[in-house]
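Structure record follows, encoded as C-alpha cells.
Numbering of residues begins at 1 and proceeds along the displayed sequence. Since we're looking at a predicted model, the values are computed, not measured.
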Amino acid sequence: MASLQTSSLIFSSSSSCPSKNRINAALQLPELPKLFKTQTRKVVERLNFQAVDGSTNTIPLQKIDNNNNNVFTIPELAESFNLSSTSKATAQFYAILEAVADRVEMHSNMGEQRNNWNTLLLNSINMITLTASSMAGVAAVTTGGAGMSLLALKLSSTLLFSAATGMLLVMNKIQPSQLAEEQRNAARLFRQLQKKIETLLALRAPNQQDVKDAMEKVLALDKAYPLPLLGAMIEKFPKTFEPAVWWPQNQFQKRNESYQTTTEKNNGWSEELGAEMREILEVVKAKDTEDYARLGNLALKINKTLAIAGPLLTGIAALSSPFVGHGSLAAVAAVTAGSLATAVNAFEHGAQVGMVIEMYRNSAGFFKLMENSIEATLEESNVEKRENGELFRMKVALELGRSFPQLKDIAARSASSRIDGTPIDEFASKLF
C-alpha cells in the first residue's frame, strides 16, 4: 500500500484592505490520488461569504503540496453541486418575503388611517348638521326687529347644511369603514402568505415554480385589495353582491402538480374520505355560501338606501333654510330634515354598515376558496397527485372549526338529508 502523504488546506483572506478580516485555518488531509486531484482543480476556485457587517470577503481555497510547495486553486464548486440555481431561487423567495412583510405594514397603517377617517368625518358631519339645525330653529323664533341677526342665522345654516351635504356625498361614496375593513383583511391575508413562505423555507429549498406561485399570489392580493382610492378603489355599490377573490385563478390547476407521491397507500385517500369531502362541499355550497350571499345583498341594499337618504335630507334642509322666518313650514322642514340626516348618518357610519358588507364579502370569498380547493382536489383522478388525504382533511376541519368526528357527523347528516329530500339545518362552519 502506498504511503499517505499529508497536505494542508489553508483558508486565507487578503489583508490589503483594513475593512476585511484575516482568516487562517489548517486542515490535515491525506494526499489525494493524482486523477482525483486533477479533476478537483476544475471544481473549486474560491468561496465567497457575506460578513455580518455586509462586506463580502473572498476566501480562495488553496492546496499546498508538501513536496514541491505548489499552490493551486479549485474553481466551480458551486456549479458542480448546482448551488447557483438553488441560491437564485432562494434569494428571489426571500425578496418576495420582504415585499410581503412590507405590504403587511402598509395595509395595517392604511387600515388605521381609514378607520380614523370614518370616526373624524362622522363626528364632524354630525356636529355641522346639528349646529345648522339649531341655527335654523333659532332663526324661526327670532323677532322681526332683528333683521340682520335673522339673515346671519339663515345664511350660516344654509352654508353649514350645504357643506354637510357635500361631505356626506364624498363619505358615502368612499365608505371609510369599508375601506378600513378591506385593509385589515389585506393585512391578515398578506400575513398568512408570509407565514406560508416562511414555512416553506423552513421545510425545504424553494424552486422557480415556488417563486412564480408566490409572485402570482402577491399580485392577486394587490388586485383584490388595492391601496389607492382614485381609479383603483373597489366599487362600493355594485349591482349584485360578489364574494371577494384574492387568489390566482390558475392556483388549483397547478396545485395538484406540486404534490409528490408518498409511500403511504393511496396517499391517505379512501372512498369514504372522498365521499365525506363531497358531502362537506355540498353543505358549504347550500348553507354557508348561500347564507352569506343573502346577508351581503341585504346589507348592500340597506347601505344604498342610507347613502342616498343622508345627502338628500341635508339637501332639503339646505334649500329650506333661506326661507326660515317667512313661514313655519320652512323652519320645520329645515330642522326636521337636519335631525333625520344626523340619525341616518350616525346609523350608516356609526354602525359601520360598509364594514359589515366587506365582512360578508370576505366570508363569502373564504367559502368560495374552500369550494374551489375541495373541487380541484376531488377532480384529480390520480390520488398520488393529490395532497395527502389525512392532511387535507385536517386542514378542512380546522378551517371549519370542527373536529374529525364532527366533520364526519355533518357529512353523514348531509347524505341522509339528500336521501330524505329535507334540507340540512346546520352550517358547515362553526367559526363564522
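A donor-acceptor distance shorter than 3.5 angstrom exists from the side chain of Asn109 to the backbone of Glu105, with no hydrogens or angles considered. A donor-acceptor distance shorter than 3.5 angstrom exists from the side chain of Ser339 to the backbone of Val335, with no hydrogens or angles considered. Of the possible donor and acceptor atoms, none in the side chain of Trp269 sits under 3.5 Å from a partner among the backbone N and O of Glu384.
With rounding to the nearest 0.5 angstrom, the CD atom of Glu242 is 12.5 Å from the CD atom of Glu235.
Between Ala220 and Trp247, the shortest heavy-atom distance links the atoms CB-C, 3.9 Å. For Lys173 against Lys236, the heavy-atom pair with the smallest separation is O-CG, 3.6 Å.
Within a 6.0 Å radius of NZ in Lys196, other residues, nucleotides and ligands contribute 12 heavy atoms or fewer. For CD of Glu375, the number of neighbouring non-hydrogen atoms (other residues, nucleotides, ligands) closer than 6.0 Å is greater than 12.
Every residue two or more places apart in sequence or in another chain was checked for a side-chain hydrogen bond (donor to acceptor under 3.5 Å, both in side chains) with Lys368, and none qualifies.
The aromatic rings of Phe190 and His107 sit parallel, their planes meeting at an angle under 30°, below the 60° perpendicular limit.
Side-chain contact between Met233 and Leu179 is present, with heavy atoms from C-beta onward closer than 4.5 Å. At least one side-chain heavy atom of Glu216 sits under 4.5 Å from a side-chain heavy atom of Lys212. Counting only heavy atoms from C-beta outward, the side chains of Phe366 and Asp288 never approach each other to under 4.5 Å.
Within the structure, side-chain hydrogen bond (donor to acceptor under 3.5 Å, both in side chains) pairs that include any residue of residues 156-169 comprise Ser157-Ser321, Thr165-Thr314 (at least two apart or interchain).
Looking at Arg402 and Asp409, no side-chain N of the basic residue comes within less than 4.0 Å of a carboxylate O on the acidic one, giving no salt bridge.
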